[in-house]
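All values reported here derive from a predicted model rather than from experimental measurement. Whatever order the structure lists them in is the order used to number ligands and atoms, beginning at 1.
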Amino acid sequence: MKNKKKDIRALTKKQLQDFFVAERDKSFRGSQVYEWLWNKGAHSFEAMTNISKETREMLNENFVINHIRVDQMQRSSDGTIKNAVKLHDQLTVESVLIPTATRTTACVSSQVGCSLDCQFCATAKLKRMRNLNPDEIYDQVVAIDNESRLYFDRPLSNIVFMGMGEPLMNYNNVMKAVEKITSPEGLGMSPKRITISTSGVPKMIKKLADDEAKIKLAVSLHSAVDKIRTKIMPFNETFPLNDLREALEYWYSKTKSRITYEYIVWKDINDTRKDAEALVRFCKYVPCKVNLIEYNPIDDGNFQQASSQATDMYQQILERNNITVTVRRSRGKDIDAACGQLANKSA
Ligand code: SAH
């Protein structure tokens, strides 16, 4: 009978209140339990000390609390922490805590594996097993918030959806998690501190704009030339740069929020002046900034970081065109926690 029990955290607050009313209790009881589940992060009904013993037993008979479990935690020499997270069905995802002098950023996963096929990304080598539920996304954030308080003496300050998976291909669950992260009954974080990173799914970028989520958007661009982008990110064939451009223009017209382009410069792939000039042209479409990120090798040898001259050339051309550019240093490389390295190796 055990697996017939429902996951109580799949219920909305209203559904939980209605459940208690149907049990001849008060709807207020539903609010109390909801607070235990989401605000206080209770892992068991026994922990809900202001709920009567009979009610707790009744909940135990009807529901389970499907929590994630941090199975293994690794700490990098630069302070970065990687969590291997076990889900209730024994699948694993990874999330990363990235500390700086003043901030703690959580990098969280949205899917187990990924259905996209970016040739340079370790996660792409794992096939997509399933989408994460809203609570599985939320729990990763809570786990990192706790670690931040424990090891850095401060709460989590930012969240990036740059872990495993394509967040816009698990749109509804990601947005439900964001709702919970930002609601006062959850973590009460400002949506401005949350960045969703996408490989570029035009239809969903437009939907995100329509839904007025107030989060920030990052796009993994990597090339502004269709032929090259299709080679390294084959789904670009289905969602070419023109469609992406149109969706981004729509995003900006609705949100007035500047977009970040993530961009890696690889040797012999996109390291010429022509490539940089194509990027400048693309950057003119909507207000944006460019984050030049370091390539983290994934062992297959097909991609190599371009020379520092090539990266400098990009930086100069962008700056000359008044485009803000930052160069991002990799964090947590020694524990395979850096961008594109999440592949459940520790599991
Ligand atoms: N699917 C989303 C979310 C994953 S974010 C997206 O593509 O945006 C992961 C980020 O790391 C993306 O910008 C991705 O392009 C980048 N990345 C992937 N593999 C990488 C690697 N080997 N080295 C550095 N960055 C990588």
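- At the top of the distance list for atom 15 (O) of ligand 1, counting protein heavy atoms only, stands His222 NE2, 2.6 Å.
- Contact check for Glu166 versus Gln111: side-chain heavy atoms found under the 4.5 Å cut-off.
- For Arg29 and Phe20, the positive end is not near the middle of the six-membered ring at less than 6.0 Å and at most 45° from its axis.
- Annotation: cation-pi geometry satisfied between Arg75 and Tyr151 (NZ/CZ under 6.0 angstrom from ring centroid, within 45° of ring axis).
- Both Leu248 and Leu318 belong to a single network of hydrophobic side chains, linked directly or stepwise wherever heavy atoms of I, L, V, M, F, W or Y lie under 4.5 Å apart.
- In the vicinity of Gly165, heavy-atom distances shorter than 4.0 Å reach the ligand 1 atoms 1 (N), 2 (C), 3 (C), 4 (C).
- For atom 13 (O) of ligand 1, the nearest non-hydrogen atom of the protein is Ser220 OG, 2.7 Å.
- Residue contacts with ligand 1: Ser197 is placed with a nitrogen or oxygen under 3.5 Å of a nitrogen or oxygen of the ligand (distance criterion only).
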Item to check | Stepwise side-chain hydrogen bond (donor to acceptor under 3.5 Å, both in side chains) test for Ser148 and Asp145 | outcome: CA-CA 5 Å; Ser148 180; Asp145 184 38; 5.5 Å; no

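- Taking every non-hydrogen atom of Ile298 and a distance limit under 4.0 Å, the qualifying atoms of ligand 1 come out as 22 (N).
- Distances between N or O atoms of Ile293 and those of ligand 1 include no value under 3.5 Å.
- Which parts of ligand 1 touch Gly163 is read off a 4.0 Å heavy-atom cut-off, strictly below it: atoms 4 (C).
- In Arg154, the CZ atom is crowded: over 12 heavy atoms of neighbouring residues, nucleotides or ligands sit closer than 6.0 Å.
- Looking at atom 9 (C) of ligand 1, its nearest protein heavy atom turns out to be Met162 O, 3.6 Å.
- Protein heavy atom at the shortest distance from atom 26 (C) of ligand 1 is Cys339 O, 3.6 Å.
- Residue Asn296 holds the heavy atom nearest to atom 22 (N) of ligand 1 of all those in Asn296, Asn291, Leu221.
- The shell of residues lying under 4.0 angstrom from ligand 1, judged by heavy atoms, excludes Met164.
- Listed by number with element, the atoms of ligand 1 under 4.0 angstrom from any heavy atom of Cys121 are 18 (C), 19 (N).
- Residue Glu136 is tested with Lys180, Arg9, Arg130 for a salt bridge (Lys or Arg N to Asp or Glu O under 4.0 Å); the sole match is Arg130.
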